[in-house]
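Report on the structure given below.
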There are 2 protein chains.
Amino acid sequence: MENKIFRNFLGEKGLKPTKERIAVLSEVFSFHGHFEPEYLYLRIKNAGSKASRASVYRTLSLLVDCGLVKKVTRTEKGNIYEHTYGHSHHDHMICDACGEIIEFYSEKLENLQDEICSENSFAGSSHTLEIRGHCKKCRTKQS
Amino acid sequence: MENKIFRNFLGEKGLKPTKERIAVLSEVFSFHGHFEPEYLYLRIKNAGSKASRASVYRTLSLLVDCGLVKKVTRTEKGNIYEHTYGHSHHDHMICDACGEIIEFYSEKLENLQDEICSENSFAGSSHTLEIRGHCKKCRTKQS
DNA sequence: CTGAAACTGAGATTGAATTGCAATTTAACT
DNA sequence: AGTTAAATTGCAATTCAATCTCAGTTTCAG
């Protein structure tokens with residue numbers, strides 16, 4: 001489970017599992033979905049724990065390093081993250097109007113990418129696909 | 001040609017084709033490849049033209065609006081752009097070992113993405129696909 | 001317990017990007 | 001060509017996420 005993975009990672013690096021770091025970890029895994037650092041910071045405060053913005057940023061970086069969290073994308077506002085442990089692979093569609101992020105997964109798409117890799121003698125290990133445009137709501141709102 | 005397209009775009013909006021805007025435009029199209037705003041600013045200075053950083057940013061924004069330039073991605077440092085006119089769409093495979101960037105294009109992939117967008121009632125306008133792994137050279141080198 | 005090393009929070013700092021504004025330029029209309 | 005309103009510019013100030021500094025605090029191995 002993520003707690004163990006994180007503690008292990010810290011141990012290997014000679015880092016300490018402080019309250020702040022654990023607070024960030026558990027908050028990240030307390031909900032499902034994408035988040036910005038500021039939002040996470042506020043959630044932690046709201047949950048009664050304490051961790052400064054600096055610690056949130058610092059811990060987030062550690063969580064990315066140990067693979068528990070992934071930096072999804074960068075917006076005009078800042079970075080967006082998501083936790084990855086126990087979360088299967090998917091890609092994203094991002095609405096340029098309202099910022100909504102839609103997750104999707106397509107077996108066909110995965111296979112096609114494998115095919116393209118073979119054609120190019122490339123050993124693909126991961127990928128990021130981000131489709132930008134307008135979501136259903138924002139499309140209808142326009143007209 | 002891009003000069004005409006830009007002037008047309010400006011005309012329609014009641015904007016003026018000032019020396020600064022034209023200087024930015026021609027500099028953007030004076031070379032191939034990706035660039036950051038600051039790099040462009042320095043090139044313009046170096047080319048003997050003049051345009052403040054503010055004007056570079058403002059003009060870049062206009063060029064994106066009229067479709068001549070595309071914001072490729074955001075890095076920790078800032079935005080990266082590329083001119084798109086006369087340059088067809090493609091995606092990238094990036095080798096984690098040697099950094100080589102392989103460009104590829106797949107009609108099937110494009111169609112499949114359109115399909116996925118429809119399924120999600122999403123109006124996709126652009127996408128970025130980046131496949132990471134190891135290129136042919138680095139694969140054989142490993143074994 | 002103790003001390004060295006790791007951590008933390010608050011505030012300062014960074015740096016890309018944007019904005020306010022006074023001076024300047026553009027171009028439409030005489 | 002001259003006039004004038006609107007657009008534009010550059011500079012400096014500002015914004016804002018993210019990072020860094022550093023003095024005080026906490027952790028934990030011995």
Side-chain angles (χ1 to χ4, degrees), chain A residues 3 6-28 34-66 69-81 96 99, chain B residues 3 6-28 34-45 48-66 69-81:
Chain A
N3 209 296
F6 191 41
R7 283 170 187 275
N8 249 38
F9 172 82
L10 292 175
E12 283 170 13
K13 296 239 170 189
L15 303 176
K16 296 170 181 175
T18 61
K19 320 186 216 342
E20 289 82 358
R21 284 177 178 158
I22 300 306
V24 172
L25 173 70
S26 20
E27 201 56 36
V28 164
H34 305 106
F35 62 92
E36 298 166 33
E38 179 67 14
Y39 172 71
L40 185 63
Y41 167 70
L42 293 175
R43 272 188 72 105
I44 290 168
K45 262 187 109 161
N46 212 51
S49 311
K50 69 178 188 52
S52 65
R53 253 173 269 261
S55 287
V56 170
Y57 278 103
R58 286 188 281 232
T59 305
L60 225 29
S61 186
L62 290 173
L63 290 172
V64 169
D65 286 348
C66 75
V69 166
K70 188 180 167 194
K71 191 179 283 187
V72 174
T73 189
R74 285 169 242 270
T75 67
E76 311 74 42
K77 301 253 169 184
N79 291 331
I80 291 181
Y81 296 85
D96 286 328
Chain B
N3 208 296
F6 191 40
R7 281 170 189 277
N8 249 40
F9 172 81
L10 292 176
E12 281 170 13
K13 296 240 169 186
L15 304 176
K16 296 169 182 176
T18 62
K19 320 184 217 348
E20 289 82 359
R21 284 177 179 158
I22 299 306
V24 172
L25 173 71
S26 21
E27 201 56 35
V28 165
H34 303 148
F35 63 90
E36 299 165 33
E38 180 66 15
Y39 172 71
L40 186 63
Y41 167 70
L42 293 176
R43 272 187 72 106
I44 289 168
K45 262 187 109 163
S49 310
K50 69 179 190 52
S52 65
R53 253 172 270 261
S55 286
V56 169
Y57 277 102
R58 285 189 280 233
T59 304
L60 227 28
S61 186
L62 290 173
L63 289 171
V64 169
D65 287 348
C66 75
V69 167
K70 188 182 167 195
K71 193 180 281 186
V72 174
T73 189
R74 284 170 242 268
T75 68
E76 312 72 42
K77 302 254 169 185
N79 293 330
I80 292 182
Y81 296 84

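In the text below, chain A, chain B and the rest are named by the order of the sequence lines, each starting its count at 1. Computed over heavy atoms, backbone and side chain alike; hydrogens, waters and symmetry mates excluded.
- For Asp65(A), the side-chain hydrogen bond (donor to acceptor under 3.5 Å, both in side chains) test picks out no residue, with sequence neighbours left out.
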Could you write out each protein N or O paired with an N or O of nucleotides 10-13 of chain D at a distance under 3.5 Å?
| residue | atom | partner | partner atom | Å |
| --- | --- | --- | --- | --- |
| dG10(D) | OP1 | Ser52(B) | N | 3.3 |
| dG10(D) | OP2 | Ser52(B) | N | 3.1 |
| dG10(D) | OP2 | Ser52(B) | OG | 2.6 |
| dG10(D) | OP2 | Ser55(B) | OG | 2.3 |
| dG10(D) | N7 | Arg58(B) | NH2 | 2.8 |

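- Atom CZ of Arg74(A) is separated from atom P of dA17(C) by 12 Å (rounded to the nearest Å).
- The distance from atom OH of Tyr81(B) to atom P of dA16(C) is 13 Å, rounded to the nearest whole Å.
- Rounding to the nearest 0.5 angstrom, the gap separating the CD1 atom in Ile80(A) from the NZ atom in Lys77(A) is 11.0 Å.
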Between side-chain atoms of residues 15-25 of chain B and protein atoms elsewhere (two or more places apart, or another chain), which donor-acceptor pairs fall under 3.5 Å?
| residue | atom | partner | partner atom | Å |
| --- | --- | --- | --- | --- |
| Thr18(B) | OG1 | Arg21(B) | N | 3.3 |
| Arg21(B) | NH1 | Lys16(B) | O | 2.8 |

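- dT15(D) atom C1' lies 15 Å from atom CD of Glu76(A), rounded to whole Å.
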Heteroatom pairs (N/O) under 3.5 angstrom, protein to nucleotides 27-30 of chain D:
| residue | atom | partner | partner atom | Å |
| --- | --- | --- | --- | --- |
| dT27(D) | OP1 | Lys19(A) | NZ | 2.6 |
| dT27(D) | O2 | Lys16(A) | NZ | 3.2 |

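- We find the OG-CD1 distance between Ser26(A) and Ile44(A) to be 8.0 Å, quoted to the nearest 0.5 Å.
- In terms of the side-chain hydrogen bond (donor to acceptor under 3.5 Å, both in side chains) criterion, residue partners of Glu76(A) (sequence neighbours excluded) are, by chain and number, Arg74(B).
- Among residues two or more places apart in sequence or in another chain, the side-chain hydrogen bond (donor to acceptor under 3.5 Å, both in side chains) test is passed with Asn8(A) by none.
- A search for side-chain hydrogen bond (donor to acceptor under 3.5 Å, both in side chains) contacts involving Glu36(B) returns nothing, not counting sequence neighbours.
- To the nearest 0.5 angstrom, Phe35(B) atom CZ is 10.5 Å from Asn79(B) atom CG.
- A sub-4.0 Å separation between OP1 or OP2 of dT19(D) and a side-chain N or O of Tyr57(A) is absent.
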Would you mind writing out the side-chain donor-acceptor pairs for residues 53-64 of chain B within the sub-3.5 Å range, not counting sequence neighbours?
| residue | atom | partner | partner atom | Å |
| --- | --- | --- | --- | --- |
| Arg53(B) | NH1 | Glu38(B) | OE1 | 2.7 |
| Arg53(B) | NH1 | Glu38(B) | OE2 | 2.6 |
| Ser55(B) | OG | Ser52(B) | OG | 3.4 |
| Thr59(B) | OG1 | Ser55(B) | O | 2.7 |

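- Residues Tyr41(A) and Ala51(A) approach most closely at CE1-O, 3.2 Å, considering heavy atoms.
- Rounded to an integer number of Å, the gap from Leu10(B) CG to dA27(C) P is 10 Å.
- Under 4.0 angstrom from either OP1 or OP2 of dA16(C) there lies no side-chain N or O belonging to Asn79(B).
- Of the residues in residues 21-28 of chain A, none lies under 4.0 Å from DNA chain D by heavy-atom distance.
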